[in-house]
Amino acid sequence: MDTTPKSLRLHLAICGRVNAGKSTLFNLISGQNHAITSPERGTTTDVVEKSMELRPLGAAVLLDTAGIDDDSTLGSQRMDKTVKAIDRADAILLVSAPGVWGEPEKLITRMAEERKIPVITILNIPDGQMMSFEKENDQSASRITVCAANPENRDEFLEKLTGKLLELLPESRLDPPLLHDLFPENSLVVLMTPIDSQAPKGRLILPEVMAIRDILDGHSQVLVAREDAFPEIYRKLAVTPALVVCDSQVVHKMLATTPETIAQTTFSILMSRLKGDINEFAAGCAAVEFLRPGDRVLIAEGCTHHAAGNDIGKIQIPQLLEKKCGGKLHFSFNSGMDYPDDLSEYQLVIHCGSCMLNRRTVLNRLRLSRRAGVPVCNYGMCIAACRGVIRNVLSPFPDALKRYVKELDKLSNRM
């Protein structure tokens, strides 16, 4: 659990009005006095995070937020932080008191509905009133009562909480596919893995490690080879691979050395399915064909790494796009958890593979793009489109390929 990347953990945002008992609930769930609690208004001033194991769901991150109705001097800034935490959340734990339901609770519920994430209402009851309250009130499907201040309630509460989450969370969030569903068991999968200059010395980049584990979990075999050694290795294989996956930067080498009869894709495209909506990314990729000099493009990265001299996001993709459209484009760059609320000034958003972001964050960014009417595509898809091989690497995903072709036809008819 300790080695699970934060981006793959279940994110639970604890929200509510000021002094609802959010931090007390946070401490109850985590089993530690991690967050400061006090009767003073606005004790929680920033989002507090705690990674933990939430059986049987697995690795999770708790997000303790400031009160949504904080009216202090810095209240608006604290609310912005709370909203960003909700944007990351797979589910919201809405803390309230019996008989207290007003605009703060309605606001949180509306934000959850807009983002299409489930809400579990946690009624925080004073210890002496627990039994009488439970006898007089039926428990709805999405409500749990608890005295958060009493640690003796922890085991019973966690059992109820995980049960509700298993009921309400989509199956895809609980067990999202990476690639093992693309081929039958006992298949051979080849990974072409250039030694990335931005990967820590002695390690593979995260998507490659994830792919190896997912293939093994799918009861298949994996062959890992550098791209320059792959042709010779392929000639020696006695078994035809079911799938070949490569780094986006060497997609042209993969296609040149691999028979067309073998399914082929890139790590970045696999991540677009795991972390977001591959069909929506594919539809947005059609816009690459219609960029014109002077257009504005946002390139968004989920991590804040120190860019190398030939950085894929800051150097390679801009060069490929300008070569394709035949002129200069105006690029903006965005990294980490910061992301523009208004995307209307852009003609295209190009997003990284999101290995350092959780799926809910990426889905929320796709929502912002839809709201602004701005297409968004994925690094790997963008590179493949610029090199003219997008249909090849989308072939393992028929629905995504159909969305790409449909959007391409629609944009062509507008020209």
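For this chain, numbers begin at 1 and follow the sequence in order. Quick caveat: nothing in here was measured; it's all calculated off a predicted structure.
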[X] side chain vs [Y] backbone, donor-acceptor pair below 3.5 Å:
{"X": "S344", "Y": "A372", "value": "no"}
{"X": "D295", "Y": "R292", "value": "yes"}
{"X": "D214", "Y": "L179", "value": "yes"}
{"X": "S354", "Y": "K275", "value": "no"}
{"X": "R371", "Y": "R367", "value": "no"}
{"X": "T361", "Y": "L357", "value": "no"}
{"X": "T266", "Y": "S248", "value": "no"}
{"X": "T258", "Y": "M254", "value": "yes"}
{"X": "D247", "Y": "F267", "value": "no"}
{"X": "T109", "Y": "E105", "value": "yes"}

Look at atom [atom1] of [X] and say whether more than 12 heavy atoms of other residues, nucleotides or ligands are closer to it than 6.0 Å.
{"X": "E159", "atom1": "CD", "result": "no"}
{"X": "M210", "atom1": "CE", "result": "yes"}
{"X": "E103", "atom1": "CD", "result": "yes"}

Are [X] and [Y] within salt-bridge range, i.e. N to O under 4.0 Å?
{"X": "R370", "Y": "E280", "answer": "yes"}
{"X": "D399", "Y": "R403", "answer": "no"}
{"X": "R360", "Y": "D87", "answer": "no"}
{"X": "R9", "Y": "E49", "answer": "no"}
{"X": "E114", "Y": "R110", "answer": "no"}
{"X": "E407", "Y": "K410", "answer": "yes"}
{"X": "R273", "Y": "D181", "answer": "yes"}

Taking the side chain as every heavy atom from C-beta outward, state whether [X] and [Y] have any atom pair closer than 4.5 Å.
{"X": "R143", "Y": "I120", "answer": "no"}
{"X": "S220", "Y": "L188", "answer": "no"}
{"X": "V222", "Y": "L216", "answer": "yes"}
{"X": "L401", "Y": "R391", "answer": "yes"}
{"X": "N334", "Y": "P340", "answer": "yes"}
{"X": "I299", "Y": "P318", "answer": "yes"}
{"X": "Q221", "Y": "L223", "answer": "no"}
{"X": "V146", "Y": "I122", "answer": "yes"}

Q. So which heavy atom on C377 is nearest to which on G284, and how close?
A.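 Distance-wise, the nearest heavy atoms are CB-C, 3.9 Å.
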Q) If every non-hydrogen atom of G380 is compared with every non-hydrogen atom of S268, which pair is closest and at what distance? A)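 Closest pair (atom of G380, atom of S268, distance): N-OG, 3.0 Å.
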Q. When you check the side-chain N and O atoms of H11 and N358, is any donor under 3.5 Å from an acceptor?
A.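 Side chains of H11 and N358: pair found under 3.5 Å.
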**Q.** Option passing side chain to side chain contact (heavy atoms under 4.5 Å, CB included) with V48 (candidates D64, L63, I14)
**A.**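 The option that passes is D64.
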